[in-house]
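Taking it in order: structure first as structure tokens, then the write-up.
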Protein chains: 2
Amino acid sequence: MPNKNTEEAIAELVALLPMFMRTLLEESTVKTAANLSTSEEKTLMYIHKHEGRSMGEYSKKVGLARGSFTAVADSLEQKKLVKRVSGPDDRRKCALVLTEEGKKIAREIDARFKQQIAARLAQLGEEDLNNLKNALEIIAQIMEKLNDQ
Amino acid sequence: MPNKNTEEAIAELVALLPMFMRTLLEESTVKTAANLSTSEEKTLMYIHKHEGRSMGEYSKKVGLARGSFTAVADSLEQKKLVKRVSGPDDRRKCALVLTEEGKKIAREIDARFKQQIAARLAQLGEEDLNNLKNALEIIAQIMEKLNDQ
DNA sequence: ACCAGATATTTAGAATTCTAACATTTAGAT
DNA sequence: ATCTAAATGTTAGAATTCTAAATATCTGGT
């Protein structure tokens with residue numbers, strides 16, 4: 001059963017991914033304009049890419065429990081970066097929309113995120129960069145497959 | 001400047017990795033023998049692989065602030081899964097060592113982790129599995145390069 | 001129309017983690 | 001030797017997140 005070994009190897013490699021993320025983002029002492037928590041920043045970034053989804057969907061994408069996400073939405077709304085819009089089709093749902101200020105800050109966060117990673121990647125040669133990009137693309141493709149099922 | 005685009009693409013793909021991890025580990029309602037928190041489990045797993053390192057090193061690998069890790073070590077020590085050993089070479093440092101019970105539970109957690117990922121990967125074909133493994137290996141290699149510098 | 005079960009959000013209290021300040025120990029410079 | 005700065009682990013209080021229960025709404029079957 002050759003797959004057994006492949007799967008175990010994948011499991012061990014997957015365990016390294018959080019460390020990989022930290023390697024790329026370490027020493028991120030830079031602060032953005034607003035004084036936002038990590039979850040608030042992630043939320044803003046994700047709404048920026050996919051606006052008008054429900055609270056439940058955002059909480060999943062950000063990686064928080066539903067109950068925890070309520071506080072994040074509260075805080076962002078209080079800072080006038082986000083607005084709750086109760087869904088017309090399903091009154092249980094709350095869609096989130098960025099304000100103008102929210103969009104501005106989302107763009108700032110996005111730029112800073114890319115700069116940090118780019119600075120770290122500057123240590124790599126062109127071949128490594130291409131290999132890394134290809135590897136990440138394969139992972140993204142496979143993730144889509146897994147999520148579709 | 002062709003690298004600019006490559007780096008931006010990498011940044012966007014890296015942002016998807018947490019979701020990828022959640023995809024592989026979702027619905028992990030299985031509980032192990034001891035009633036351990038996620039950080040306690042990660043700590044046990046990491047000590048199992050690399051025994052006798054210092055508290056500071058473990059806190060980094062687990063992804064916790066040093067101050068937070070003290071409580072995790074306290075809890076594991078109180079549960080008799082881990083022992084603090086003050087370093088002979090540097091009296092500031094505390095090494096952590098697994099007890100026999102700690103080793104047993106670490107093996108359980110490791111097996112469960114691999115089972116969960118294997119169950120999710122069972123949906124993939126052999127080609128996808130090999131591609132995924134290769135992609136993760138490339139990422140691991142590049143991470144090593146980045147950490148060495 | 002009505003009911004039972006499912007879904008979406010909120011709430012409250014417990015558990016976890018973070019930040020900043022502290023004490024001890026080490027390393028390097030003078 | 002002595003001093004200064006850095007490294008290690010701990011502590012305490014604030015911030016964040018989790019879990020479980022509560023509320024409101026929707027869906028499908030009768």
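Convention: sequence-line order gives letters A, B, ...; per-chain numbering from 1. Computed over heavy atoms, backbone and side chain alike; hydrogens, waters and symmetry mates excluded.
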>> Counting only heavy atoms not in K145(B) (residues, nucleotides, ligands), do more than 12 fall under 6.0 Å from its NZ?
In response: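 Not buried by this count: 12 neighbours or fewer within 6.0 Å.
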
>> Is it the case that atom NZ in K104(B) sees more than 12 heavy atoms from other parts of the structure closer than 6.0 Å?
In response: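 At most 12 heavy atoms, drawn from other residues, nucleotides or ligands, come within 6.0 Å of this atom.
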
>> So if I take residues 73-93 of chain A and measure heavy-atom distances to DNA chain C, which residues fall below 4.0 Å?
In response: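 When residues 73-93 of chain A is checked for heavy atoms under 4.0 Å from DNA chain C, the hits, listed by number, are R84(A), R92(A), K93(A).
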
Distances for protein N/O vs nucleotides 13-17 of chain D N/O pairs under 3.5 angstrom?
from: dT17(D); atom 1: OP1; to: S39(A); atom 2: OG; distance (Å): 2.4
from: dT17(D); atom 1: OP2; to: S39(A); atom 2: OG; distance (Å): 3.4

Separation of [N] [atom2] from [X] [atom1] (nearest whole Å):
X: R53(B); N: dG9(D); atom1: CZ; atom2: P; result: 13 Å
X: E57(A); N: dA8(C); atom1: CD; atom2: C1'; result: 13 Å
X: N35(B); N: dC18(D); atom1: CG; atom2: P; result: 16 Å
X: L96(B); N: dT8(D); atom1: CG; atom2: P; result: 14 Å

>> Which heavy atom of E101(B) sits nearest to which heavy atom of K80(B), and what is that distance?
In response: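 Residues E101(B) and K80(B), closest heavy atoms: CB-O, 4.2 Å.
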
> Which heavy atom of R84(B) sits nearest a heavy atom of L96(B), and at what distance?
Replying inline: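 Minimum heavy-atom contact is CG-CD2, 3.7 Å.
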
Between [X] and [Y], is any pair of side-chain heavy atoms under 4.5 Å apart?
X: I138(A); Y: N134(B); result: no
X: F113(B); Y: L25(B); result: yes
X: V82(A); Y: L98(A); result: yes

> Given axes from five pairs at either end, by how many degrees does the helix from dA1(C)-dT30(D) to dT30(C)-dA1(D) bend, rounded to 10°?
Replying inline: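 Rounded value for the end-axis angle: 30°.
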
Just the table, please: protein N/O against nucleotides 2-4 of chain C N/O, every pair under 3.5 Å.
none

Below 3.5 Å is the cut-off: list the nitrogen or oxygen pairs between protein and nucleotides 20-23 of chain D, distance only.
none

> Quick one: CD1 on I139(B) to CG on L17(B), what's the gap to the nearest 0.5 Å?
Replying inline: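 I139(B) CD1 to L17(B) CG: 6.0 Å, rounded to 0.5 Å.
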
> Under 3.5 Å, is there a donor-acceptor pair linking the side chains of K79(B) and S75(B)?
Replying inline: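 The answer is yes; a qualifying pair exists.
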
> Is K103(B) salt-bridged to E100(B), cutoff N-O under 4.0 Å?
Replying inline: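 The answer is yes: the pair qualifies as a salt bridge.
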
> Can you list the residues that meet the side chain to side chain donor-acceptor pair (under 3.5 Å) rule with E12(A), with sequence neighbours excluded?
Replying inline: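 Result, side chain to side chain donor-acceptor pair (under 3.5 Å) vs E12(A): K114(B).
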
